[in-house]
A.B. asks: 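Before anything else, here's the structure in question.
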There are 2 protein chains.
Amino acid sequence: MAYSNYAKTLQCLSDPTRRQVFERLRAGPRSVGALARGLPVSRPAVSQHLKALKNAGLVTHRAEGTRRVYYIDPAGLGELRRWLDGFWTDALESFKSEVAAANAAPKRKKHEPHD
Amino acid sequence: MAYSNYAKTLQCLSDPTRRQVFERLRAGPRSVGALARGLPVSRPAVSQHLKALKNAGLVTHRAEGTRRVYYIDPAGLGELRRWLDGFWTDALESFKSEVAAANAAPKRKKHEPHD
DNA sequence: ACTTACCGTAAGTCATGGCTTACAGTAATT
DNA sequence: AATTACTGTAAGCCATGACTTACGGTAAGT
């Protein structure tokens with residue numbers, strides 16, 4: 001379903017309220033009403049957040065009468081995790097070589113076209 | 001320095017342009033001008049993005065004449081990674097038990113206060 | 001000393017998106 | 001069939017924040 005889109009995942013998890021909805025699902029599946037009950041926003045707001053979360057592959061739902069029980073979908077988090085891990089190794093490497101370079105080489109001072 | 005703030009990190013990486021700046025640093029350290037050169041926004045915009053990235057513990061800079069050479073700081077990514085890993089294990093567990101519950105139990109139908 | 005390269009910040013504009021209040025629709029209870 | 005519980009969507013309002021231009025400030029070259 002949700003293809004490789006860590007971008008959407010990041011943008012989705014950036015909102016505090018939406019992340020709060022998501023964190024509530026960490027404990028286990030909940031209906032929309034149950035999710036909205038403890039939050040400082042209205043139920044439709046939660047519904048919209050859930051739509052965004054689902055679009056990012058972070059949650060799924062299952063019908064239960066008129067209720068929609070939402071629960072976490074590992075797909076979205078998985079993609080974000082892969083991206084982050086790749087970045088992490090590169091970052092460590094880059095950081096180490098940077099520190100080494102900073103200690104070894106003195107400061108450059110010329111005004112020249114640069115990279 | 002930057003304490004436990006995966007929230008700030010997420011909100012920081014949510015912007016596409018800012019993420020583009022960050023990804024450019026993946027290859028290695030760059031000056032502000034060099035970073036802005038290939039991007040579709042002005043240099044001050046890049047400067048502001050770098051400020052946000054630094055505030056989130058994602059980058060640091062080192063002076064080199066009048067240039068400021070920025071490079072990735074593992075701190076911010078590390079925190080995000082820790083949060084994500086914790087969430088990931090919980091999500092897997094929650095997902096598995098959810099699928100099991102969905103298969104085992106038939107649909108509930110009563111209109112009763114719920115959770 | 002003057003000029004040039006490089007950068008951060010201020011002020012102001014404008015689009016994005018999160019929230020609320022309606023409204024419409026389905027399923028279960030009586 | 002009528003009512004009640006539960007939800008998704010539409011329209012509109014409003015704050016957040018990303019971007020631009022303009023400016024001031026420092027360090028290096030001449």
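So that the names make sense, note that chain A is the first sequence line, chain B the second, and so on, each numbered from 1.
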A.B. asks: Can you tell me if Ser42(B) touches the phosphate of dT20(D), counting only side-chain N or O atoms and a distance under 4.0 Å to OP1 or OP2?
C.D. replies: yes
A.B. asks: Can you list everything that forms a side chain to side chain donor-acceptor pair (under 3.5 Å) with Arg81(A)? Sequence neighbours excluded, please.
C.D. replies: Asp85(B)
A.B. asks: Should the pair Tyr6(A) and Trp83(A) be assigned to parallel (<30°), tilted (30 to 60°) or perpendicular (>60°) ring geometry?
C.D. replies: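 If you compare the ring of Tyr6(A) with that of Trp83(A), the planes turn out parallel.
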A.B. asks: Ignoring hydrogens and angles, tell me if any N or O in the side chain of Asp15(A) forms a donor-acceptor pair with the backbone of Arg18(A) under 3.5 Å.
C.D. replies: yes
A.B. asks: Within the pair His49(A) and dG17(C), is there a side-chain N or O less than 4.0 Å away from OP1 or OP2?
C.D. replies: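 Looking at the OP1 and OP2 atoms of dG17(C), neither is under 4.0 Å from any side-chain N or O of His49(A).
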A.B. asks: State, yes or no, whether a side-chain contact exists between Thr60(A) and Tyr70(A) at a heavy-atom distance under 4.5 Å.
C.D. replies: no
A.B. asks: Applying ring pair (Phe, Tyr, Trp, His ring centres under 6.0 Å) as the test, list every pair that has at least one member in residues 18-54 of chain A; sequence neighbours left out.
C.D. replies: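 Pairs touching residues 18-54 of chain A that pass the test: Phe22(A)-Phe87(B).
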A.B. asks: Grab the two heavy atoms, one from Leu13(B) and one from Arg19(B), that are nearest each other, plus how far apart they are.
C.D. replies: O-NH1, 2.8 Å
A.B. asks: Any heavy-atom pair between the side chains of Arg62(B) and Tyr71(B) that's under 4.5 Å?
C.D. replies: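 They are in side-chain contact.
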A.B. asks: Separation of Leu39(B) atom CG from dT20(D) atom C1', in whole Å?
C.D. replies: 16 Å
A.B. asks: Dot-bracket, DNA chain D: Watson-Crick or G-U, under 3.5 angstrom, [ ] crossing, | other strand?
C.D. replies: ||||||||||||||||||||||||||||||
A.B. asks: Within the structure provided, determine whether Ser31(B) and Arg68(B) are in side-chain contact (heavy-atom separation under 4.5 Å).
C.D. replies: no
A.B. asks: Do Val32(B) and Val69(B) have side chains that approach each other closer than 4.5 Å (heavy atoms only, starting at C-beta)?
C.D. replies: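 Val32(B) does not reach Val69(B) side chain to side chain.
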A.B. asks: From CG of Leu13(A) over to P of dG18(C), roughly how many Å is that when rounded to an integer?
C.D. replies: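 One finds 12 Å between P of dG18(C) and CG of Leu13(A), rounded.
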A.B. asks: List the atom of Leu77(B), the atom of Ala91(A), and the distance in Å for their closest heavy-atom pair.
C.D. replies: CD1-CB, 3.9 Å
A.B. asks: In residues 14-27 of chain A, what residues come within less than 4.0 Å of DNA chain C, judged by heavy atoms?
C.D. replies: Asp15(A), Thr17(A), Arg18(A)
A.B. asks: I need the CG-C1' distance between Leu53(A) and dG8(D), as an integer number of Å.
C.D. replies: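 Roughly 15 Å, once rounded to whole Å.
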A.B. asks: Using nucleotides 7-10 of chain C, report all nitrogen or oxygen pairs with the protein that are shorter than 3.5 Å.
C.D. replies:
residue, atom, partner, partner atom, Å
dC7(C), OP1, Val32(B), N, 3.1
dC7(C), OP2, Gly33(B), N, 2.8
dG8(C), OP1, Tyr70(B), OH, 2.7
dG8(C), OP2, Ser47(B), OG, 2.4
dG8(C), O5', Ser47(B), OG, 3.4
dG8(C), N7, Arg43(B), NH1, 3.2
dG8(C), O6, Arg43(B), NH2, 3.0

A.B. asks: Provide a list of protein-nucleic acid N or O atom pairs under 3.5 angstrom, restricted to nucleotides 14-16 of chain D.
C.D. replies:
none

A.B. asks: Tell me the interatomic distance from Glu64(A), atom CD, to dG8(D), atom P, rounded to whole angstroms.
C.D. replies: 14 Å
A.B. asks: May I have the distance from Arg62(A) (atom CZ) to dC6(D) (atom P), rounded to whole angstrom?
C.D. replies: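 My rounded result for the distance is 16 Å.
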A.B. asks: Output yes when Glu79(A) and Arg82(A) qualify as a salt bridge under the 4.0 Å nitrogen-oxygen rule, no when they do not.
C.D. replies: no
A.B. asks: Less than 4.5 Å apart, side chain to side chain, heavy atoms only: is that true for Leu58(B) and Ile72(B)?
C.D. replies: no
A.B. asks: Spell out, as yes or no, whether a donor-acceptor pair under 3.5 Å connects the side chain of Ser47(A) to the backbone of Pro44(A).
C.D. replies: no
